[in-house]
Each structure stands twice: as C-alpha cells, then as structure tokens.
Amino acid sequence: MSARLKLYNTATREVADFHPLKSGQVGIYLCGATVQAPPHIGHVRSGVNFDILRRWLSASGYDVTFIRNVTDIDDKILHKAVHEEIPWWAVAEKYERAFTDAYRALNVLPPTYEPRATGHITQMIELMELLIANGSAYAPGNGDVYLDVRHLKSYLTLSNQKLDDLQSAEDADLTYKKDPRDFALWKAAKPGDPSWPTPWGAGRPGWHLECSAMAHAYLGETFDIHGGGLDLIFPHHENEIAQSQSAGWGFANIWMHNAWVTASGEKMSKSLGNSLQVQEILKTVRGIELRWYLGSAHYRSMTEFSFEALEEASVNFRRIEGFLKRATDVLGETPEGVISSGFSEAMNEDLAVPTALAVIAEIMRLGNTALSAGDLAGVRVAAAEIRGALNILGCDPFDPIFATSSSANAELLDGLVALALEQRAAARVRKDFAAADAIRDQIAALGVVIEDTAAGTRWSIS
RNA sequence: GGUCGGAUGGCCGAGAGGCGAGGCUCAGGACUGCAAAUCCUGCCACACGGGUUCAAAUCCCGUUCCGACCUCCA
C-alpha cells in the first residue's frame, strides 16, 4: 500500500508520488525547537502534523528514521540568560524540558534521535572547512565565517525569490561581508558569550549551520524529507540548502511545511502577544483533545485558533471515544486497530486528514447502528477501523500514554458508583422516579454521568 | 517593491468543472418513565463583477478585503 502515497513538495509546488531513496526506508529531518521560550500551540501543531506523517509512513511499512533537532544556542537564548540571570545552558534546558513535556502530553512520539546543536560543533567546523576550501564560504579574519550567497547559483529556489529582489538588511555591515546578504555560519565570540574554539577563532554557531551539520550526520548527504513550519522556508531552509549544496550534498528530496495556527487572523508570535502556551490550553482540554483539534485541519491550511473551535473538536472527539468505549463494553475487549481502505486512501493523498475524518464519521455511524442492532461483528469491525485510524492520528484513547487515573482508587470508585446505581435501579423498579432522578442528579453533580441502555446502566466520569 | 497564501452555510472545515464531504450547533422525529446516548429527517454555502462551457465553488479576466515571508520565527 505504500506505493501510492503522494506528498506535496514545497520545492516543486506540486503533489507527487513518494519514492524513497532506499526501498522501504525513509529519512526525515524536522526542524524542532529553538529552546528560548515555552512552546505555544503553533509549535506543537508542527510536531503533531509531522508525527502523523511519521506514523502513517510507519504504518505503510516504512522503516522511518526521524530526526528532530533542538537548537540550544542562539541570540535569544543568550539574551534570556542575561535577562533571567541564569546560565544560557540552564535556559536551554528549561525550555527543552517544556517542549518535551508538551510533546508527551500530545502523544508526539519521541524522535529516533534528538540532536542538540551544541553537541555537533565538530561537525559544523568540518562543514565550514569544506565550504571554505571549495570557495563557497570565507573567514574574513574577524572571527566570523560567512557563506558567499553569490557562489551558489541555485540560491533561493525553494522560496522562488531573486537575490536582487531581497530587501537587504539595513544594518548590514560590509566591513567584512562581501555581500550584505551573505549570512553568518559562525559568529565570533563576544565577551561573556559562550564559545568554542575553531581555526578562525573562538565563537559560536550561526542559526542555520546546525541543521545542515546534523542532518548530514544522521541522515547522510541526501535524504528523503525535510520538514518545518512555513516561516522557515526563508531564510532558514534556503540557507540550509545553500550550505549543504555548496558542500556538494544533495540534501533533502522533498520539503514539507506546515501552516500556522493563527489568532485573530494573524500568525501567533510572542511579539504580538497573541501566543497561546500549550500548558495554558491544557488546563481547558485534555492533551488528546488538543491533539485532535490541532491535527484535524489539513497540515498545509492555516488554522484559526479559538476556544469555541477547540471545544467543538473536543465534543466531536468525545463522541468517537464514547463509541469505542461502548463497543469495548459490549465486546468485552478493545479490538486491535486496522486500517480501512477509505482511511488509507485519504491519508495517501498528501495526508488528507479532513477527508479521513469524514471516513471515521461514516464508520462510526455504521458502528453505532450495529451497536443498537446487537450486531457484534459489525461493532467489532467498526471499532477496529476507528481504532486503527485514531492510532495514526495519535488519538487512541486506549493508548497508555493517555491513561488518566492510577487505579489506586478505581475499585473504591467502582464500588461506590455501583452502590448508587443499585439504589437508583431499585427506585426505578418501584416506579419511584423522583428518587431515581435525585440519585442521578446527585452523582452528576459529582461528575459521574449515567446512561441507561438496553444492556444496563453505564456510567462515566465527565 | 519582490515572493507566497487565503475569503466556502450560524460556527469549524474539505473539495478543485457535473453526482450536495464531514463535524459542531439548531429544529423536528424514532427510542426512552424522564434524561443521556444513538439513529433518521431538515437547515442547498462557496468575497464581488464579468467571461469560457451543455454544465463553474472549481477554469479565464478584472476587483475588493485579509494574512505571511523578505535574515528572530513552528
């Protein structure tokens, strides 16, 4: 089934059949976080979108090597260190943990490897040596190392811009740069800044170098997919391409970019003050619900965040979850997930999750009908297909990562609710509906919702 | 100035020449002691103006509005 996957490639601006470099294997490099602030939902949308890609590739039979980096040294981290009066590495560690926590809360699988920029200085120096040796980069003697953007003819092909159309930075200092658009591979150390020794003096990495060095280290000169947010196309990805291709590497075959989460129509950013931190949102919905919401729009579509839309998505998800739980009760077990043909077709079409959700809705309708008809075989098929779909979307409610309570008090709770339900059942038998309803209202006030079904009374915690 | 997106029903959100995606909300019905859950029915949308076509949300021309990037960005 893997042969039919189609993906959109930002470089060619079209959807095309996916052909891995090596049969049965896929190498993906995803630009992860620059750990200088807590993650907002835009950051984790990227994580969720590419996690779905990864899960789908795996389910399609590929052996996936998924590299997601951590950029743990950059200007903002250093600024923050000064501002917060703690070492830069403590800033990086603190926010890296915040990202890890957010990813875990949303069931984003840990990458195959998560390299940090500062752990790859050696590879960066080797790359710079190569680039200087072949004339595509230069060290003007001030401790900086720049890439000569005019040296690579294909510069800016990803963003389809012309070098001369770029508005050049007003503060470009041409004392050392040959061209104002030449960018720093390496920055000379300033007093108080962390630095590493190099043949050109002590300094620290520029922003783009780490991704070229790390992608090369773990995925080789040419690999299948490079991903990131839309806003990384320029300059970050263009500069990665410039560095890597100047080194003679093929670099990424396919470029995939996720769109933003917007707020009031605008891209989320800290400068606008409209960013919504993951930890804040998780006070209003469960991680699985936030993931469902973030994953439900197509990855290339902007999604406008609102608490109303989030709540709507949660309601939708709880219906699906409710079906799976009822099916599990009736079947006595949760069927293993299977991939339905409709779901597979949708996902193969450049990860058409919205279409896949329509498929899930249809399966659920059939499943619910089977449930009322007592058609256990039908229930089993529907539950298995839904579970298979939810697994790919990372929203399987039976995934242990989403397990809520430790079962220490579960038995006690079971017993107490059973006691209340027995009382209510007795009241209903003697047609004392006032008493029965009073019991229902009382436990509802405590958060226990009950449903009378043909098979008896079910309860769940709201 | 250059480059790139977007505007779809009360709301969210797909689609990309015909055969009404789907979800949420709402209204009605079935079921039910009543709820809840579920199922059924209903609510015929594509920014605006032209054009092409037997047929346009979809293609073409023009217009309006919104957003992104142009060296901090997921």
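Note that these values count all heavy atoms, side chains included, but never hydrogens, waters or copies made by symmetry. Residue numbering restarts at 1 for every chain, and letters A, B, ... go by the order of the sequence lines.
- When the P atom is compared between B/rC48 and B/rU58, the two are found 10 Å apart, to the nearest whole Å.
- No hydrogens or angles were tested; on distance alone, a donor-acceptor pair under 3.5 Å links the side chain of A/D437 to the base of B/rG33.
- Heavy atoms of A/H257 sit nowhere under 4.0 angstrom from any nucleic acid atom.
- Salt-bridge annotation for A/R55 and A/D51: present, with a side-chain N of the basic residue lying under 4.0 Å from a carboxylate O of the acidic one.
- Comparing B/rC24, B/rA74, B/rG33 by their nearest atom to the side chain of A/R428 picks out B/rG33.
- Comparing the same atom, P, in B/rG42 and in B/rG20 gives a spacing of 13 Å after rounding to whole Å.
- Across residues 438-454 of chain A, A/R440, A/I450, A/E451, A/D452 each have a non-hydrogen atom less than 4.0 Å from an atom of RNA chain B (numbered order).
- Of the side-chain N and O atoms in A/R13, none sit less than 4.0 angstrom from OP1 or OP2 of B/rC4.
- Along RNA chain B, the nucleotide nearest A/R424 and the nucleotide nearest A/V359 are compared for position; the residue whose nucleotide lies closer to the 5' end is A/V359.
- Dashed line: the shortest gap from a side-chain N or O of A/T262 to OP1 or OP2 of B/rG67 is not under 4.0 Å.
- Relative orientation of the A/H120 and A/Y218 rings is perpendicular, given thresholds of 30° and 60° on the angle between their planes.
- For the pair A/T303 and A/A434, nearest-nucleotide mapping onto RNA chain B gives the more 5' position to A/T303.
- For A/L446, there are no side chain to side chain contact (heavy atoms under 4.5 Å, CB included) partners, not counting sequence neighbours.
- With A/Y138 as the aromatic partner, A/K178 meets the cation-pi criteria of under 6.0 angstrom to the ring centre and within 45 degrees of the ring axis.
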For ring pair (Phe, Tyr, Trp, His ring centres under 6.0 Å), just list the numbers for A/H236 and A/F183, CA-CA rounded to whole Å, side-chain angles, deciding distance to a tenth of an Å, and then say yes or no.
CA-CA 11 Å; A/H236 187 54; A/F183 60 90; 9.8 Å; no

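- In this structure, A/Y155 places its OH atom 17 Å from P of B/rU3, rounding to the nearest Å.
- Base pairing of B/rC31 is not made with any nucleotide, judged by Watson-Crick or G-U wobble geometry with both donor-acceptor distances under 3.5 Å.
- A donor-acceptor contact under 3.5 angstrom links the side-chain atoms of A/Q161 to the base of B/rG2.
- Nucleotides B/rG6 and B/rA47 have their P atoms positioned 12 Å apart, rounded to a whole Å.
- Using atom P as the reference point in both B/rC11 and B/rC44, the two lie 14 Å apart (nearest Å).
- The base-pairing partner of B/rC43, taking Watson-Crick or G-U wobble contacts with both distances under 3.5 Å, does not exist among the strands shown.
- Between A/K267 and B/rC69, a side-chain N or O to OP1/OP2 separation shorter than 4.0 Å is present.
- B/rA36 is unpaired under the Watson-Crick or G-U wobble criterion, no partner having all donor-acceptor distances under 3.5 Å.
- B/rG5 is paired with B/rC66 under the criterion used here, namely a Watson-Crick or G-U wobble arrangement in which both key atom distances are under 3.5 Å.
- Using atom C1' as the reference point in both B/rU52 and B/rC60, the two lie 7 Å apart (nearest Å).
- Spacing between B/rC39 and B/rG49 at atom P, rounded to whole Å, works out to 40 Å.
- Rounded to the nearest Å, the gap between the P atom of B/rC69 and that of B/rG9 is 27 Å.
- Taken residue by residue, residues 319-330 of chain A places heavy atoms nearer than 4.0 Å to RNA chain B at A/R319, A/R326.
- B/rU3 and B/rG10: their P atoms are spaced 37 Å apart (whole Å).
- Rounded to an integer number of Å, the gap from A/R458 CZ to B/rU32 P is 19 Å.
- Separation of the A/F251 and A/H237 ring centroids does not fall under the 6.0 Å cut-off.
- Contact annotation: A/N368 side-chain N/O to B/rC39 OP1/OP2 distance is under 4.0 Å.
- Between A/E321 and A/R318 no salt bridge is recorded (no basic side-chain N to carboxylate O distance below 4.0 Å).
- The A/H208 side chain lies nearest to B/rU71 when the options are B/rG33, B/rG23, B/rU71.
- Among B/rG67, B/rG22, B/rA74, the nucleotide with an atom closest to any side-chain atom of A/A358 is B/rG22.
- The main-chain N or O of A/I132 is never found under 3.5 Å from a side-chain atom of A/S136 such that the two would form a donor-acceptor pair.
- Using a 4.0 Å cut-off between charged nitrogen and carboxylate oxygen, A/R458 and A/D452 do not count as a salt-bridge pair.
- Whole-Å rounding puts the A/L230 CG to B/rC70 P distance at 12 Å.
- In this structure B/rU53 sits in no base pair that meets the Watson-Crick or G-U test at under 3.5 Å.
- Remark: B/rA14 base-pairs with no nucleotide in the shown strands. Criterion, Watson-Crick or G-U wobble with two distances under 3.5 Å.
- Nucleotide B/rG15 holds its P atom 12 Å from the CG atom of A/L357, rounded to whole Å.
- Note on ring orientation: taking the six-membered ring where Trp is involved, the planes of A/F223 and A/H226 are tilted (angle from 30° to 60°).
- Taking side-chain N and O atoms only, A/N160 has a distance below 4.0 Å to OP1 or OP2 of B/rC4.
- A close approach under 4.0 Å does occur between a side-chain nitrogen or oxygen of A/S301 and OP1 or OP2 of B/rA14.
- A/Y29 has its ring centre no less than 6.0 Å from the ring centre of A/F66.
- The CD atom of A/Q36 lies 13.5 Å from the CD atom of A/E96; values are rounded to the nearest 0.5 Å.
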